[in-house]
Amino acid sequence: MVIVEFLGPIGKSPIEIEADTLLDVSVKLKEDATLVHWLEKCAVAVNDTMVNDLTMALKDGDRISILPPVCGG
Amino acid sequence: MVIVEFLGPIGKSPIEIEADTLLDVSVKLKEDATLVHWLEKCAVAVNDTMVNDLTMALKDGDRISILPPVCGG
Amino acid sequence: MELYDKPLDVKEIFSRWLDEEAESNYGAYIPFVGTIRAEDGIEALSFDIYEPLLKDWFDKWQVRAKELGAIVKMAHSIGDVPVHTSSYISAVFSPKRRVALELIDEFVEDFKANAPIWKYDIKDGKRIYAEDRSTPMSGSGLLA
Amino acid sequence: MELYDKPLDVKEIFSRWLDEEAESNYGAYIPFVGTIRAEDGIEALSFDIYEPLLKDWFDKWQVRAKELGAIVKMAHSIGDVPVHTSSYISAVFSPKRRVALELIDEFVEDFKANAPIWKYDIKDGKRIYAEDRSTPMSGSGLLA
């Protein structure tokens, strides 16, 4: 199981899902119609490191952060 | 008569000279060997306005400032 | 990196940073102070911050600044910040003027684009995500 | 424009300028603080200023800033300024971040190149013109 958390304005509680790679996470999250428009513009971190590779292998307990568009300052 | 003042590091007291144009001023100042190397790198103001025209006519009492290279800050 | 759950005490931060670097022989100190403008009828802005990634982002900037012989600092507010108060200060100290001027520009722009901070308008007591002013972080769309 | 015959009280100036613009609905406040570095064995720097032309230079910058919706301020010391104290502060206030970042850069660079200020090193009690670090003003050489 991995944990997926939705940051900032997404306003959704963390979920636990089965996933061996980020591709599995993508497939799962796209089942939720309220998330689809967010995914297009969200970046992703795994255990607080930004990631760019969908084939990245995940291990049990990994924490995946979904990061919507930012505006600090 | 016009007044010529030498600013900053030139370290020369103001002088009064006869001059109808800035060209006259140039000719007079070049007679002073200690000024020649300054003139190459100095800008000029007449009555506190920066000037760029050597043919500029001067009138009695005009104040000409000789401005060496600057470094504020 | 300093985070506050209220508007920034700009004078205190500016002065303390000045004192912190009093012995570091810098030639230029350039702070950038971001203040909430009164516009579109907002009462305040409000901010969420994801602190672990912000710290990571800032640590990388400290390394980059050090390579240039410079020092960067930043402070930001979490939660509500009323109009005409300040939510953000960043600063560069550097021996060299050009390095300082270029670095503060890059640092502030990268902050706007990549610091994990989310902004909301507070309007009629409601908290509304400032979506139109927000920028997708680099690598966005990976899961789409 | 503020001239002082001693090192600048940086905290006082920063804070007062902040208060002066408290109601002007700016979004970005960027001061540039110039501090004397200890180098080449100097004890202090020293400055001559030709005030009428500096005022003229600064007045033109106020007009230019206003056209961009911004405000510029500056303070400088006259005479001796010991190492690790500050001789120069300029600042921009602007509604817009990009305008502020670009304007502070231009304002500081034009100041270095064209403000009628002459700098001297104070070394072993002697006042030595910093010729190698100085820039001929635009229009130089007219009388050569």
Side-chain angles (χ1 to χ4, degrees), chain B residues 2-58 61-73, chain D residues 1 3 8 32-37 45-60 74-78 81 86-90 107-121 126-144:
Chain B
V2 299
I3 300 148
V4 184
E5 58 181 16
F6 303 91
L7 295 183
I10 303 178
K12 187 178 162 66
S13 301
I15 57 174
E16 293 208 346
I17 59 174
E18 292 290 348
D20 294 326
T21 65
L22 280 176
L23 186 57
D24 295 342
V25 175
S26 172
V27 169
K28 281 272 167 52
L29 295 185
K30 282 195 273 191
E31 291 170 4
D32 181 342
T34 67
L35 282 180
V36 172
H37 80 284
W38 282 113
L39 294 181
E40 287 163 16
K41 50 192 177 187
C42 282
V44 183
V46 174
N47 302 328
D48 296 333
T49 299
M50 304 297 291
V51 296
N52 263 305
D53 179 3
L54 212 51
T55 68
M56 181 179 175
L58 299 172
D62 275 352
R63 198 165 41 78
I64 293 126
S65 305
I66 309 298
L67 303 154
V70 296
C71 186
Chain D
M1 184 178 102
L3 300 178
L8 302 183
F32 177 104
V33 179
T35 298
I36 313 299
R37 301 191 71 222
L45 294 179
S46 189
F47 299 91
D48 290 340
I49 292 184
Y50 187 51
E51 196 168 334
L53 273 182
L54 182 60
K55 191 179 173 315
D56 190 57
W57 176 88
F58 181 66
D59 287 349
K60 283 177 183 143
M74 68 158 285
H76 205 287
S77 300
I78 298 171
V81 184
S86 299
S87 53
Y88 171 50
I89 310 181
S90 58
F107 185 45
V108 168
E109 291 299 327
D110 190 53
F111 177 85
K112 297 296 284 188
N114 286 305
I117 302 183
W118 297 278
K119 178 182 282 180
Y120 306 82
D121 292 332
K126 288 204 246 344
R127 195 173 194 249
I128 307 150
Y129 175 46
E131 186 169 4
D132 56 329
R133 282 166 283 153
S134 298
T135 309
M137 298 172 79
S138 51
S140 285
L142 184 66
L143 300 185

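In what follows, chains carry the letters A, B, and so on, assigned in the order in which the sequence lines appear, proteins first and then strands, with residues in each chain numbered from 1.
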Considering all heavy atoms, the nearest B:Ile3-B:Pro14 contact: CG2-CB, 4.3 Å
Considering only heavy-atom distances, could you tabulate the donor-acceptor pairs under 3.5 Å between chain B and chain D?
| from | atom 1 | to | atom 2 | distance (Å) |
| --- | --- | --- | --- | --- |
| B:Glu5 | OE2 | D:Tyr50 | OH | 3.2 |
| B:Ser26 | OG | D:Leu143 | O | 2.6 |
| B:Lys41 | O | D:Ser140 | OG | 3.3 |
| B:Lys41 | NZ | D:Glu131 | OE2 | 2.3 |
| B:Cys42 | O | D:Gly141 | N | 2.9 |
| B:Ala43 | N | D:Ser140 | OG | 3.3 |
| B:Asp48 | OD1 | D:Tyr50 | OH | 2.4 |
| B:Arg63 | NH1 | D:Tyr50 | OH | 2.7 |
| B:Pro68 | O | D:Trp118 | NE1 | 2.8 |
| B:Pro69 | O | D:Trp118 | NE1 | 3.3 |
| B:Pro69 | O | D:Tyr129 | OH | 2.6 |
| B:Val70 | N | D:Thr135 | O | 2.8 |
| B:Val70 | O | D:Thr135 | N | 2.8 |
| B:Cys71 | N | D:Ile117 | O | 2.9 |
| B:Gly72 | O | D:Lys112 | NZ | 2.6 |
| B:Gly73 | N | D:His76 | NE2 | 3.0 |
| B:Gly73 | O | D:Ser87 | OG | 3.2 |

Do you know the tightest heavy-atom contact between B:Cys42 and B:Ile10? SG-CD1, 4.0 Å
Step by step, would you call B:Val46 with B:Met56 a side chain to side chain contact (heavy atoms under 4.5 Å, CB included)? CA-CA 10 Å; B:Val46 174; B:Met56 181 179 175; 4.0 Å; yes
CG on D:Leu8 to CD1 on D:Ile89, rounded to 0.5 Å: 5.0 Å
Given a strict heavy-atom distance threshold of 4.5 Å, which part of B:Val51 is in contact with chain D: side chain, backbone, both, or neither? both
Assess whether side chain to side chain contact (heavy atoms under 4.5 Å, CB included) is satisfied between B:Val44 and B:Val25, documenting all intermediate values. CA-CA 11 Å; B:Val44 183; B:Val25 175; over 6 Å; no
Side chain, backbone, both or neither of B:Leu29 within contact of chain D (heavy atoms, under 4.5 Å): side chain
Tell me, do D:Leu142 and B:Leu22 make a side-chain contact under 4.5 Å, heavy atoms counted? yes
Measure D:Ala130 against the heavy atoms of chain B and call it side chain, backbone, both or neither at under 4.5 Å. neither
Side chain, backbone, both or neither: which part of B:Ile66 has an atom under 4.5 Å from a heavy atom of chain D? side chain
Nearest-0.5 Å distance, CD1 of residue D:Ile36 to CG of residue D:Leu45: 4.0 Å
